[in-house]
Amino acid sequence: MARLCTLASGSKGNSTYISAGSGDIIVDAGISYKSFVTALECAGGDISKLQAIAITHTHTDHIKGLKTFLKNVKIPVIASELTLKYLCENNWLPPDTKLIAADNGVTIGDIKIDFFATSHDAEGSGGYVVNFSDGRRAAVCTDLGVMTDDIRQKLYGCNAVVIESNHDVDMLQHGPYPAHLKLRILSEEGHLSNNACATELPQLLKSGTTRIILGHLSEENNTPLLARSAAKTMLSQIGAQEGIDYILETAKQKTVGVTVF
Ligand SMILES: [Zn+2]
Ligand SMILES: [Zn+2]
């Protein structure tokens, strides 16, 4: 049995725990170490089994707990070369931290981790596919800006995928954010909207993905109901039914989400 647990998801902090029993991986440390420990416990995780932490990009909501995390948990940091360079130069890593460049893939024990680049506005930004030795695969794919064929190829066939469903375009456009921030979020270096996410789901389901976790939902410009509704509408167009053909979750900012795959 493998589990993907969103410990926190959204602009106030992100962290995901992926476990297949033989070895566990954390993606991102955007919450305090204290919150991380509580959330991991809630998810049934064991700190002593963590093999590595993979960092998607250098925005605060993905790294703010990293330094304290690494002072307490001595495991390697996996990230793109550009992200590692930023983390080193800006003093985010304790001096004895083992660094592993993710760009061409990484093997940790019997877990293989693939990296894919994203067009988000942080240098070296990307996402991960975690491949366990029994063939199970899970992906974390948020802070996208835009979906690309390269990313699609990486996601297809994964058992479980966290995919960004950041905002409802109408809510964002009519919401309180200043114009420059709206433009940034809507741009190809920003975040994926509910509709842009939903459009990807039928093909993802056809490729074999049955666990879909909508992630990085905006608290100001989205609701779990709107994100779910956009996803379900697109999936129903290929005759897919929730609970029979797929499981659909929305990751929360403050509550742990557990998906078995
Ligand atoms: Zn983010
Ligand atoms: Zn970001």
Side-chain angles (χ1 to χ4, degrees), residues 4-18 25-32 35-36 39 53-67 69 77-87 89-90 92 102-103 115-129 139-148 151 154-155 161-169 171-172 175 177-178 180-194 196-197 200 213-224 227 249-257:
L4 184 153
C5 306
T6 49
L7 305 181
S9 183
S11 60
K12 294 196 176 80
N14 295 273
S15 189
T16 304
Y17 164 65
I18 304 172
I25 297 289
I26 296 291
V27 178
D28 287 333
I31 51 176
S32 72
S35 303
F36 169 80
I53 179 161
I55 300 296
T56 58
H57 66 297
T58 55
H59 286 160
T60 327
D61 57 320
H62 298 260
I63 60 168
K64 68 173 171 257
L66 183 60
K67 198 165 183 182
F69 176 94
V77 174
I78 297 167
S80 68
E81 279 184 34
L82 285 169
T83 297
L84 288 176
K85 184 167 175 278
Y86 176 95
L87 293 173
E89 287 175 358
N90 292 278
W92 280 94
D103 307 65
F115 174 83
F116 53 85
T118 55
S119 61
H120 194 56
D121 55 359
E123 256 201 320
S125 178
Y128 294 96
V129 175
V140 176
C141 179
T142 66
D143 300 70
L144 270 201
V146 70
M147 182 59 81
T148 65
I151 299 173
K154 290 282 197 324
L155 300 186
V161 172
V162 181
I163 181 167
E164 177 164 58
S165 193
N166 177 257
H167 56 275
D168 174 81
V169 173
M171 271 184 86
L172 175 67
Y177 279 12
H180 70 90
L181 192 51
K182 290 180 183 177
L183 282 176
R184 183 220 154 214
I185 292 169
L186 290 165
S187 79
E188 295 200 346
E189 298 186 340
H191 292 279
L192 215 61
S193 72
N194 289 346
C197 168
E200 300 298 328
I213 301 110
L214 306 176
H216 216 296
L217 270 67
S218 166
E219 290 185 307
E220 288 80 14
N221 306 306
N222 207 356
T223 67
E249 311 275 3
T250 47
K252 308 288 189 301
Q253 184 67 79
K254 290 183 181 143
T255 315
V256 173

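What you see is a predicted model, and the numbers here were worked out from it, not measured in a lab. Below, all heavy atoms of this structure are taken into account, side chains as well, without hydrogens, waters or symmetry copies. Numbering of ligands and ligand atoms starts at 1, following listing order.
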| message | Nearest N/O/S atom of Asp143 with respect to the Zn ion (ligand 1), by atom name, please. | response | OD2
| query | Taking just the N, O or S atoms of Asp61, which one is nearest to the Zn ion (ligand 1)? | reply | OD2
| Would Glu89 and Lys85 pass as an ion pair if we require N to O under 4.0 Å? | yes
| Is there a side-chain contact between Leu172 and Ser218 (heavy atoms, below 4.5 Å)? | no
| Pair His167 + His191: ring centers closer than 6.0 Å | no
| query | What N/O/S atom of His59 is the closest to the Zn ion (ligand 2)? | reply | ND1
| task | Look at His120 and state whether any of its N, O or S atoms is less than 2.8 Å from the Zn ion (ligand 2). | result | yes
| If you look at His62, which of its N/O/S atoms is nearest to the Zn ion (ligand 1)? | NE2
| task | Measure from the Zn ion (ligand 1) to each N, O or S atom of His216 and report whether any distance is below 2.8 Å. | result | yes
| Hey, are Asn194 and Ser165 close enough side-chain-wise for a donor-acceptor pair under 3.5 Å? | yes
| said: Check this for me: does any side-chain nitrogen of one of Lys12 and Asp61 sit under 4.0 Å from a carboxylate oxygen of the other? | reply: no
